[in-house]
Every structure is written in C-alpha cells, then in structure tokens.
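See below for the structure under consideration.
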Amino acid sequence: MPVASQIRAGQVVRIDDRAYRVLEADTHLAGGRMGALVKMKLEDIETGGQTERRFRPEDKIELIDLEKKRLSYLYSDGETLYFMDPSTYEQYPVPAKLLGKYVEFLKDGEELAVEFLGENPVRVLTPKMVELKVASTGPPQHAHETSVWKEAVLENGMRIQVPLFIATGDTIIVDVEAGRYHDRAR
C-alpha cells in the first residue's frame, strides 16, 4: 500500500470506505515540530462532491484500480444512456450526467472509454473537441473582416456561430465545453 507522499493527481484512492479521484496532491514541507504534510483535493467518485484532506507523508492510502472498457453508444431513454461492449455484446446503462455537455455531441455507434468501479460506471472519457459537419448555413463569403460571424446548423441539430467563409457541407471542429466553433477541419 503506497504512502500519501507517493499519491499523484488522477489516481483513485479509498479513504474512510469511500472512493475518491485525486485532483491535486501537494507535499508541503514545514519546519520545526509540525513536520511535512500532504494536502489533497479529492472528488467523490459517486457524488462528484469535492473535498480537501491533509495527511502525513507516511500515512498509508489504498489505491483503487478502475476497470476501463471501450464501449459503443447505442441509445438513450432520457436520464440513462446505453452502451455496448463490441466484443461481448453486453449492454451497460450509464447515467447521462457522467458525460456532462458531451451528451449533445454523442453520435450513434461512437466508441468511448468508460471507467467502472466494480459494476458501476463512474466516468466516461470524452474528447475536448469534436468534428461535425455543417448541415446548413448562409453562402460563404470571403470578406476582409474576420470577426464577422453567421449562424450555422450542425449535423446534430446544434446551432452555433461560425466565420463567414464556412459553407454548408464543411466539417468544423467544435469546443465541447464552450459549445463554440474552434477551427475548420483539415
């Protein structure tokens, strides 16, 4: 079992019978009687709540290995998304909240990595940028003004602002978190 000073951000640990993802782990060296301490910012795997805890560097902390599976998206029934393991055809229900804003960009058959703690999905690893085709927009204009934007409807039905030179049928890169145009796909 590793000690607190060996724990790094991104690892999953068990503290007081709860599973936490380590967001930050900093060792602070103190002088005198106080000694050093390890300050960790933790996210509860089940609730998503965040907390901070302090440990002595020699405190033993249990590491947890999450099982990661590549799953294909099948369908949604509102609050739950259903994914399938392409090799075993086993289906897994995944709460939509685990995908955050990425739910709007999810495509049928798309493969994503899902982390499991035992039988429960706890995190879906989603890309920060996605490529989408422009379903409709006004005619392209090659103006000298680069800060002028127009509305476009994307293949997923989303409406965003794009530069004037973008045409219907172009593939663009969209920032998932911001829900904004990032660049034209090459």
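Keep in mind the model is a prediction, meaning the values are calculated, not measured.
The number of heavy atoms from other shown groups lying within 6.0 Å of CZ (Arg54) does not exceed 12. Sparse packing is recorded around CZ of Arg180, with 12 or fewer heavy atoms of other residues, nucleotides or ligands lying under 6.0 Å away. Counting heavy atoms of neighbouring residues, nucleotides and ligands inside a 6.0 Å radius, atom CD of Glu119 does not exceed 12 of them. In the displayed structure, Glu58 atom CD is contacted under 6.0 Å by more than 12 heavy atoms of other residues, nucleotides or ligands.
Atom OG1 of Thr51 sits about 10.5 Å away from atom CG of Leu23, to the nearest 0.5 Å. Between the CG atom in Leu42 and the CD atom in Gln11 there is a gap of 11.5 Å [rounded to 0.5 Å]. A distance of 3.0 Å separates NZ of Lys69 from OH of Tyr92, quoted to the nearest 0.5 Å. Between Ile166 atom CD1 and Gln161 atom CD the span is 12.5 Å, to the nearest 0.5 Å. Between Phe55 atom CZ and Ile15 atom CD1 the span is 3.5 Å, to the nearest 0.5 Å. Leu81 CG to Leu71 CG: the interatomic distance, rounded to the nearest 0.5 Å, is 11.5 Å.
Residues Met40 and Tyr20 are not in side-chain contact: their nearest non-hydrogen atoms beyond the backbone lie 4.5 Å or more apart. For the pair Ile7 and Val13, the minimum side-chain heavy-atom distance is below 4.5 Å. Side-chain atoms of Leu112 and Leu99, non-hydrogen and from C-beta on, do get closer than 4.5 Å to each other. Side-chain contact between Val162 and Lys150: present, with at least one pair of heavy atoms (C-beta onward) separated by less than 4.5 Å. For the pair Phe83/Ser72, no side-chain contact is recorded, criterion being any heavy-atom separation below 4.5 Å from C-beta on. With a 4.5 Å cut-off on side-chain heavy atoms, Tyr181 and Asp183 count as touching.
Across Ile160 and Val174, no two heavy atoms sit closer than the pair CD1-CG2, 4.0 Å. For Pro121 against Val114, the heavy-atom pair with the smallest separation is CB-CG1, 3.9 Å. Here the closest heavy-atom approach between residue Gly78 and residue Ala96 is recorded as O-CB, 4.1 Å.
Side-chain atoms of Asn156 come within 3.5 Å of backbone atoms of Met158 as a donor-acceptor pair (strictly under, hydrogens ignored). In this structure, the side chain of Lys39 does not engage the main chain of Asp26 through any donor-acceptor pair within 3.5 Å. Looking only at distances, no side-chain donor or acceptor of Lys101 sits under 3.5 Å from a matching main-chain atom of Val176.
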Report task. Using the side chain to side chain contact (heavy atoms under 4.5 Å, CB included) rule, take Arg21 and Ile45 through it: C-alpha gap first, then chi angles, then the decisive distance, then the call. Result -> CA-CA 6 Å; Arg21 182 175 311 281; Ile45 291 283; 3.9 Å; yes
**Report entry** side chain to side chain contact (heavy atoms under 4.5 Å, CB included) evaluation trace for Tyr73 with Asp108
**Finding:** CA-CA 6 Å; Tyr73 172 65; Asp108 289 340; 3.6 Å; yes
Query raised in the report: Is there a side chain to side chain contact (heavy atoms under 4.5 Å, CB included) between Leu117 and Ile64 once you walk through the steps?
Result: CA-CA 9 Å; Leu117 177 61; Ile64 301 173; 3.6 Å; yes
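Using cut-offs of 30° and 60° on the angle between ring planes, the pair Tyr82 and Tyr75 is parallel.
Both Ile172 and Phe105 belong to a single network of hydrophobic side chains, linked directly or stepwise wherever heavy atoms of I, L, V, M, F, W or Y lie under 4.5 Å apart. Criterion: ILVMFWY side-chain heavy atoms under 4.5 Å apart, direct or through other members. Under it, Tyr89 and Leu74 are part of a common hydrophobic cluster.
Under a 4.0 Å N-O distance rule, the pair Arg53/Asp16 qualifies as a salt bridge.
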Using residues 123-138 as the side-chain source, report each donor-acceptor pair under 3.5 Å to any protein atom, sequence neighbours left out, with the distance given to one decimal.
unit_1 : atom_1 : unit_2 : atom_2 : d
Arg123 : NE     : Glu115 : OE1    : 3.3
Thr137 : OG1    : Glu151 : O      : 2.8

